[in-house]
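Order of the sequence lines fixes the chain letters, A, B, ..., with proteins taken first and strands second; residue numbering starts at 1 for each chain. These values consider heavy atoms only, across backbone and side chains, with no hydrogens, waters or symmetry-generated copies.
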Amino acid sequence: MREIFVSVAAAILVAAPAMGQPTAVAAPAMGQPTAVAQAVQAGQVGERYDGYMGFVGDPSAELRRQVSAINLRRRNLYIQLAERRNVTAQLVGMATACQLLSQLTVGEAYQLSDGVWRRYSSGQKVTLPGYCR
Amino acid sequence: MTRSWTRAAQLAVGVAAAIPLTGCISVKAPDKPIDVNLNVNIKQQVVVTLQQDVQQMIQKNPQAFPPAPTRP
């Protein structure tokens with residue numbers, strides 16, 4: 001059983017960079033909601049400066065539901081870490097955004113604290129908030 | 001006669017003692033507080049110290065943070 005899992009994981013790792021549209025194939029295996037993965041690639045959904053995902057346009061009901069689920073998971077994680085480190089959950093979200101915004105892939109949408117949605121293009125430098133390091 | 005001299009001397013000593021005090025009072029705290037900068041610094045410090053925790057949290061929770069290939 002374990003061997004099967006390892007070989008499947010290896011296959012995904014090998015296949016992902018080689019294929020043009022790997023997200024739709026890999027996403028269910030990773031337990032990731034497909035609609036979100038597709039929307040991220042299409043730039044309809046993106047990372048916000050506060051550590052949550054947001055919509056660039058008007059999302060479908062299903063997309064809204066899946067993104068809300070992700071944000072709810074994140075919120076719980078932020079609260080847990082905040083309690084462990086004795087800081088606010090808001091600050092944990094901001095610290096998380098610093099990392100997520102520095103790991104964008106080409107085509108992804110992101111929102112900085114000015115509220116403007118931008119698309120990440122290759123070689124572009126994302127101006128992270130001042131508190132990011 | 002001597003009494004009035006003593007009195008005058010006392011007065012002079014009192015005045016002399018008071019002069020340095022008025023000089024001290026003029027020392028003030030700076031008008032512009034530095035705590036605006038301090039807030040940013042504290043925020044930055046917290047964000048920096050959280051980085052390792054945050055990185056682990058992202059890696060351990062792929063359902064909350066959609067992983068590769070979206071984010072390799």
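- In terms of hydrophobic clustering, with Ile, Leu, Val, Met, Phe, Trp and Tyr side chains grouped at heavy-atom distances under 4.5 Å, A:L63 and A:I70 are assigned to a common cluster.
- For A:R118, the CZ atom is densely surrounded, since the number of other residues' heavy atoms within 6.0 Å is greater than 12.
- Interface with chain B: from residues 81-91 of chain A, residues A:L81, A:R85, A:V87, A:L91 qualify, criterion being any non-hydrogen pair under 4.5 Å.
- With sequence neighbours left out, A:Y52 forms a ring pair (Phe, Tyr, Trp, His ring centres under 6.0 Å) with A:Y78.
- Residue B:V54 is grouped with residue B:V46 when hydrophobic side chains (ILVMFWY) are merged at heavy-atom distances under 4.5 angstrom, including chains of intermediate members.
- Nearest heavy-atom pair across B:A64 and A:L77 is CB-CD1, 3.7 Å.
- Between the CD atom of A:Q99 and the CD atom of B:Q59 there is a distance of 8.5 Å, given to the nearest 0.5 Å.
- Using a 4.5 Å cut-off on side-chain heavy atoms (C-beta onward), A:Q80 and B:M57 make no contact.
- Under the 4.5 Å side-chain criterion, counting only non-hydrogen atoms from C-beta, A:C98 is in contact with B:V47.
- Contacts of B:Q45 with chain A are absent, with no heavy-atom separation under 4.5 Å from either backbone or side chain.
- Clustering ILVMFWY residues whenever any of their side-chain heavy atoms sit less than 4.5 angstrom apart, transitively, puts A:W117 in a cluster other than the one holding A:M53.
- Heavy-atom proximity under 4.5 angstrom to chain B picks out A:G130, A:Y131, A:C132 from residues 120-132 of chain A.
- Criterion: ILVMFWY side-chain heavy atoms under 4.5 Å apart, direct or through other members. Under it, A:L100 and A:Y49 are not part of a common hydrophobic cluster.
- Sorted by first and then second residue, the disulfide (SG to SG under 2.5 Å) pairs involving residues 41-86 of chain A (not counting sequence neighbours) form an empty list.
- Looking at B:D53, both its backbone and its side chain come within 4.5 Å of chain A, counting heavy atoms on both sides.
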